[in-house]
Amino acid sequence: MSTRWPAIFIFGFSLLLTSPLVSAQQTVVDVEGHSWWQHAVFYELYPRSFADSNNDGIGDLNGITSKLDYLKNLGVDAIWITPCFPSPQVDFGYDISDYENIDPMYGTLQDFDRLVAEGRKRGIRILLDFVVNHTSDQHKWFLDSKSSRTSAHRDWYIWRDGKGVSQPPNNWASSFGLSAWKRDPATGQYYYHYFYPEQPDLNWRNPAVKQAMFDVTRFWYKRGVAGFRLDAVDSLFEDPKLTDNPVVAGTDSFGRPNMDEKYNQKLPEVHDVLRALRKVADEHGAVLIGETYTSTIDELKQYYGEHSSELQMPMDMMFATVDKLSVPEFRKQIAAIDSAGGWPVLLIGNHDMARSYNRYGDGVHNDAIAKLMAALYLTLRGTPILYYGEETSMENNDPKSKEEVLDPISKLGWPLEKGRDGERTPMQWSADVNAGFSKAKPWLPVPASARTHNVESELKDPGSVLSFYKRLLLLRHSEKSLLDGEYVPLNESNPSVLSYLRRYKDEAVLVVLNMAGSAQKIDLDLFPQGLAAAKMTTLLTDMAGVLQDPSKGIALEPFAVYIARLTK
Ligand code: GLC
Ligand code: CA
């Protein structure tokens with residue numbers, strides 16, 4: 001049993017050993033046998049943009065440590081830090097040149113240890129981002145690999161002869177534009193890179209690669225990390241015969257013909273690696289989150305693995321990208337993930353997609369809609385991952401011209417492809433210069449809305465999005481129904497109002513969300529749930545008026561949230 005974290009309460013060891021869902025190393029936190037991460041609120045944090053302690057315009061680890069009290073106060077239990085390892089920063093850290101160190105721009109290993117220790121004092125666990133698919137082209141493994149056809153690390157990457165003069169080995173395309181192959185003049189062969197040319201793919205068919213990468217996880221487990229978010233797992237393996245991908249209808253955001261990437265994405269071998277990584281994680285009581293871009297729930301199910309032998313937390317990107325306030329669409333996605341048999345992992349934004357504030361906002365009621373979206377994903381069954389700044393309703397701040405662009409995707413694809421700079425801007429701490437993030441000019445510009453949408457102002461305003469998040473997260477941690485209750489959809493034919501219960505034994509939490517821009521009235525029939533005579537106590541609403549008698553129907557203002565406790 002892990003002794004690194006105090007258990008809230010620990011149940012019989014026999015339960016631990018018999019439950020197929022938790023490893024013997026996982027701290028169990030309730031009678032249902034849930035592990036800590038199933039009751040935790042996760043927070044994704046982009047280190048370049050969170051807090052800058054040394055005023056060089058770039059966030060750093062000491063900056064993060066200085067904000068742990070803020071995170072604690074918000075209701076966060078675990079943070080996932082996107083890559084902070086040494087890197088040439090071509091892909092802003094997703095091109096790692098040393099997996100076992102901290103990039104000097106973010107601090108030192110000692111700063112990291114202090115972050116872990118300070119987190120532990122506050123009950124906040126630290127997770128790192130593990131880029132498994134590729135390294136930087138400046139990593140010593142790749143430098144050796146490209147040095148000659150017979151070098152010790154040659155087979156650590158995927159090298160092939162071209163088809164003819166200036167012809168890459170096949171038609172595979174890089175997800176970041178152009179071909180996925182780059183010719184290296186020194187040895188005359190091509191290497192494969194699913195992302196930028198500066199991110200050569202590792203050859204996971206080579207056992208030495210596997211060993212070295214597994215050792216990386218052990219290095220960080222020993223330093224106290226609680227787990228990893230695994231980057232781009234879909235891309236780990238490629239067809240060794242290099243079969244061309246079929247071209248299909250339509251074009252992508254670079255204007256290239258679409259392809260069915262059946263020969264270089266989601267190959268079955270991915271699951272062998274995930275099972276093996278999970279075994280190492282289990283030895284350390286750690287949790288694995290997956291960046292799993294699946295298009296069906298069956299595909300997502302595979303990432304949990306049989307008897308939960310792969311990722312504990314594969315992200316449901318189908319829920320994350322609904323992209324419109326559509327009640328039927330959300331109902332469908334929730335039902336799908338809820339019945340998938342694993343523990344749902346829900347998010348509405350990350351460092352690769354435009355901020356939820358813009359994707360769901362209508363331009364007029366954006367704050368109300370931000371509360372509505374929060375009430376949705378923070379009351380469903382599963383573990384939520386907040387994206388930094390979502391709680392202060394940060395908006396996207398896209399580059400205004402090609403000259404301003406930093407993300408290479410957009411340098412290549414402008415103006416069709418705006419890139420990801422917009423969702424990675426500095427955390428808005430106050431109305432001060434540079435949003436209180438840094439005294440120096442930040443690496444990305446702060447939008448004008450930082451004057452009103454920032455931590456300092458929103459903490460003072462009980463009606464702010466941040467105050468709403470805090471109240472929601474408090475409820476999430478204290479209402480048994482919200483932690484463990486089953487999801488029971490209500491009024492399933494209503495196209496404008498999404499209503500459901502989180503039912504736990506004799507009690508339930510009722511959630512009613514008006515996704516329409518017009519007032520709505522709903523009547524709830526709780527008779528089938530045996531709750532017709534239940535007492536209804538309002539827990540949280542953003543509506544001005546107090547409901548007189550909710551059992552007589554609920555009148556909802558546009559985009560309103562109504563959450564109540566039902567007790568028999
Ligand atoms: C993942 C990351 C993204 C990165 C890519 C390549 O998709 O989330 O930010 O650019 O992998 O590492
Ligand atoms: Ca700094």
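Indexing begins at 1, ligand by ligand and atom by atom, following the structure's order.
Taking a cut-off of under 4.0 Å to the non-hydrogen atoms of R420, the atoms of ligand 1 that pass are 3 (C), 4 (C), 9 (O), 10 (O). The ligand atoms of ligand 1 that sit less than 4.0 angstrom from a heavy atom of R424 are 9 (O). Against a heavy-atom cut-off of under 4.0 Å, H134 is close to the following atoms of ligand 1: 6 (C), 12 (O). Listed by number with element, the atoms of ligand 1 under 4.0 angstrom from any heavy atom of F176 are 10 (O).
The aromatic rings of F176 and Y196 lie tilted to each other, with the angle between the two planes from 30° to 60°. By the 30° and 60° cut-offs, the orientation of the rings of H153 relative to W156 is perpendicular. By the 30° and 60° cut-offs, the orientation of the rings of W36 relative to F42 is parallel. The aromatic rings of W343 and W37 lie perpendicular to each other, with more than 60° between the two planes, well past the 30° mark. Between Y99 and W141, the ring planes lie parallel to each other; the angle is under 30°, not in the 30° to 60° tilted range.
Checked against the Ca ion (ligand 2), the N, O or S atom of D56 at the shortest distance is OD1. D52 contributes OD1 as its N, O or S atom closest to the Ca ion (ligand 2).
Of all protein heavy atoms, the one closest to atom 2 (C) of ligand 1 is D231 OD1, 3.0 Å. Of the protein's heavy atoms, D352 OD1, 2.7 Å lies nearest to atom 9 (O) of ligand 1. Nearest non-hydrogen protein atom to atom 10 (O) of ligand 1 is D91 OD2, 2.5 Å.
Distances shorter than 4.0 angstrom do not occur between any heavy atom of Y194 and any atom of ligand 1.
Between the Ca ion (ligand 2) and Y106 there is no N/O/S contact shorter than 3.0 Å. Among the backbone and side-chain atoms of I58, an N, O or S atom lies under 3.0 Å from the Ca ion (ligand 2).
Using a 4.0 Å cut-off between heavy atoms, R229 contacts ligand 1 through its side chain alone, with no backbone atom that close.
Under a cutoff of 6.0 Å and an axis angle of 45°, R355 and Y388 form a cation-pi pair.
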Note to self: Checking D407 against K411 for the salt bridge (Lys or Arg N to Asp or Glu O under 4.0 Å) test, could you report, in this order, the C-alpha distance in whole Å, the side-chain angles of both residues, the deciding distance, and whether it holds?
What the structure shows: CA-CA 7 Å; D407 186 358; K411 284 187 182 159; over 6 Å; no
Item checked: CA sep, side-chain torsions, deciding dist, call: K72, D69, salt bridge (Lys or Arg N to Asp or Glu O under 4.0 Å) -> CA-CA 5 Å; K72 182 73 204 161; D69 285 333; over 6 Å; no
